[in-house]
Student: 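Following this message is one structure expressed as structure tokens.
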Amino acid sequence: VQLQASGGGLVQAGGSLRLSCAASGSTFSNYVMGWFRQAPGKEREFVAAISGNGAITFHADSVKGRFTISRDSAKNTGYLQMNSLKSEDTGVYYCAADGKPMRNGSGWYKRPSDFGSWGQGTQVTVSS
């Protein structure tokens, strides 16, 4: 599956952005989708993940209550709604996909190395 992330930009603290991840080349609902972010000088970190049918979601503690992951399989697109943005949310945001079952007990969806397909990243900058 090929992924194309978009929707990043510059926003003031407290503002909102919605990131999109357009998928092509395969049946999107067969894939778990994840969002990760990477700040300068830091490792890529887990933000959120969603099962292929959209029924199961996980969010990192740092974004819980502020960010929401979702997907529209009819549009082959995933989303990350980001509200109440903080300066520490600044970074490049990546969407990723993989065909492994989400609930295999390992929590693999939190590890970047376990995702086989990646989008190109979109920059999010939050000014304080």
Student: What are the two closest non-hydrogen atoms of Val126 and Thr90, and how far apart are they?
Tutor: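 Closest approach of Val126 to Thr90: N-OG1, 2.9 Å.
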
Student: Report the residue from Leu19, Val47, Asn83 that forms a side-chain contact (heavy atoms from CB on, under 4.5 Å) with Phe67.
Tutor: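 Checked Leu19, Val47, Asn83 against Phe67; only one passes side-chain contact (heavy atoms from CB on, under 4.5 Å): Val47.
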
Student: As an exercise, state the distance from NE2 of His59 to CD1 of Ile50, rounded to the nearest 0.5 Å.
Tutor: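 CD1 of Ile50 is found 7.5 Å from NE2 of His59.
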
Student: Give me the atom names and distance for the closest heavy-atom approach of Tyr109 to Phe115.
Tutor: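 Heavy-atom minimum between the residues: O-CE1, 3.2 Å.
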
Student: Is a salt bridge present between Asp89 and Lys86, judged by a nitrogen-to-oxygen distance below 4.0 Å?
Tutor: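 Salt bridge between Asp89 and Lys86, a charged N being under 4.0 Å from a carboxylate O: no.
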
Student: List in chain and number order the residues that pass side-chain hydrogen bond (donor to acceptor under 3.5 Å, both in side chains) with Gln123, two or more places apart in sequence or in another chain; answer none if no residue qualifies.
Tutor: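 With neighbours one apart ignored, the set is Thr125.
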
Student: Specify the closest pair of heavy atoms between Gly8 and Val124, including all atoms of both residues, with the distance to one decimal.
Tutor: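 Closest heavy-atom pair between Gly8 and Val124: CA-CG2, 4.1 Å.
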
Student: Once rounded to the nearest 0.5 Å, what's the spacing between atom SG of Cys21 and atom CD of Gln120?
Tutor: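 Cys21 SG to Gln120 CD: 8.5 Å, rounded to 0.5 Å.
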
Student: So Val92 and Thr122, do their side chains get closer than 4.5 Å, heavy atoms only?
Tutor: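 Of all side-chain heavy-atom pairs linking Val92 with Thr122, none is under 4.5 Å.
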
Student: Pair up each side-chain donor or acceptor in residues 24-35 with any protein partner under 3.5 Å, not counting sequence neighbours, and list the distances.
Tutor:
{"unit_1": "Ser26", "atom_1": "OG", "unit_2": "Tyr31", "atom_2": "OH", "d": "3.2"}
{"unit_1": "Trp35", "atom_1": "NE1", "unit_2": "Tyr79", "atom_2": "O", "d": "3.4"}

Student: Verify side chain to side chain contact (heavy atoms under 4.5 Å, CB included) between Cys95 and Gln4, making sure each step is shown before the conclusion.
Tutor: CA-CA 8 Å; Cys95 61; Gln4 179 85 21; over 6 Å; no

Student: Does the separation of the ring centres of Phe36 and Tyr93 fall below 6.0 angstrom?
Tutor: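 No - the distance between ring centres of Phe36 and Tyr93 does not fall below the 6.0 Å cut-off.
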
Student: How far does CZ of Arg71 sit from OG1 of Thr57, to the nearest 0.5 angstrom?
Tutor: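 Answer for the CZ-OG1 pair, Arg71 versus Thr57, is 11.5 Å.
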
Student: Enter the distance from Arg66:CZ to Thr68:OG1 here, rounded to the nearest 0.5 Å.
Tutor: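 Result: 10.5 Å between the selected atoms.
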
Student: Considering all heavy atoms of both residues, which atom of Asp98 and which atom of Gly116 are nearest to each other, and what is their separation?
Tutor: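 So the minimum-distance heavy-atom pair works out to OD1-N, 2.9 Å.
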
Student: Using a 6.0 Å cut-off, check whether atom NZ of Lys75 has over 12 heavy atoms from anything other than its own residue.
Tutor: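 Not buried by this count: 12 neighbours or fewer within 6.0 Å.
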
Student: Look at the side chain of Trp118 and the backbone N and O of Gln2, then say whether any donor-acceptor pair between them is shorter than 3.5 Å.
Tutor: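 Side chain of Trp118 to backbone of Gln2, a donor-acceptor pair under 3.5 Å: no, none is there.
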
Student: Which heavy atom of Ala13 sits nearest to which heavy atom of Ser128, and what is that distance?
Tutor: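 Closest approach of Ala13 to Ser128: CB-CA, 4.2 Å.
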
Student: Nearest 0.5 angstrom please: Ser16 OG to Gln81 CD, how far?
Tutor: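 Reported to 0.5 Å precision, the distance equals 6.0 Å.
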
Student: In Å, rounded to the nearest 0.5 Å, how long is the span from CD1 of Ile56 to CE of Met102?
Tutor: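 These two atoms lie 6.5 Å from each other.
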
Student: When you group the ILVMFWY residues by side-chain heavy-atom contacts below 4.5 Å and let the links chain together, are Val11 and Leu80 in the same group?
Tutor: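 Yes, one cluster joins them.
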
Student: Is it the case that Arg37 places NZ or CZ above or below the six-membered ring of Tyr94, under 6.0 angstrom from the centre and within 45 degrees of the axis?
Tutor: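 So Arg37 doesn't make the cation-pi contact.
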
Student: Just jot down the side-chain hydrogen bond (donor to acceptor under 3.5 Å, both in side chains) partners of Asn76, sequence neighbours excluded, or say none.
Tutor: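 Checked Asn76 against side-chain hydrogen bond (donor to acceptor under 3.5 Å, both in side chains); zero matches.
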
Student: Return yes if some donor-acceptor pair links the side-chain N/O of Lys100 with the main-chain N/O of Asp114 below 3.5 Å, else return no.
Tutor: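 Yes, because the side chain of Lys100 sits within donor-acceptor range (under 3.5 Å) of the backbone of Asp114.
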
Student: Does Gln38 reach the side chain of Glu45, with side-chain heavy atoms less than 4.5 Å apart?
Tutor: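 No - every pair of side-chain heavy atoms lies 4.5 Å or more apart.
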
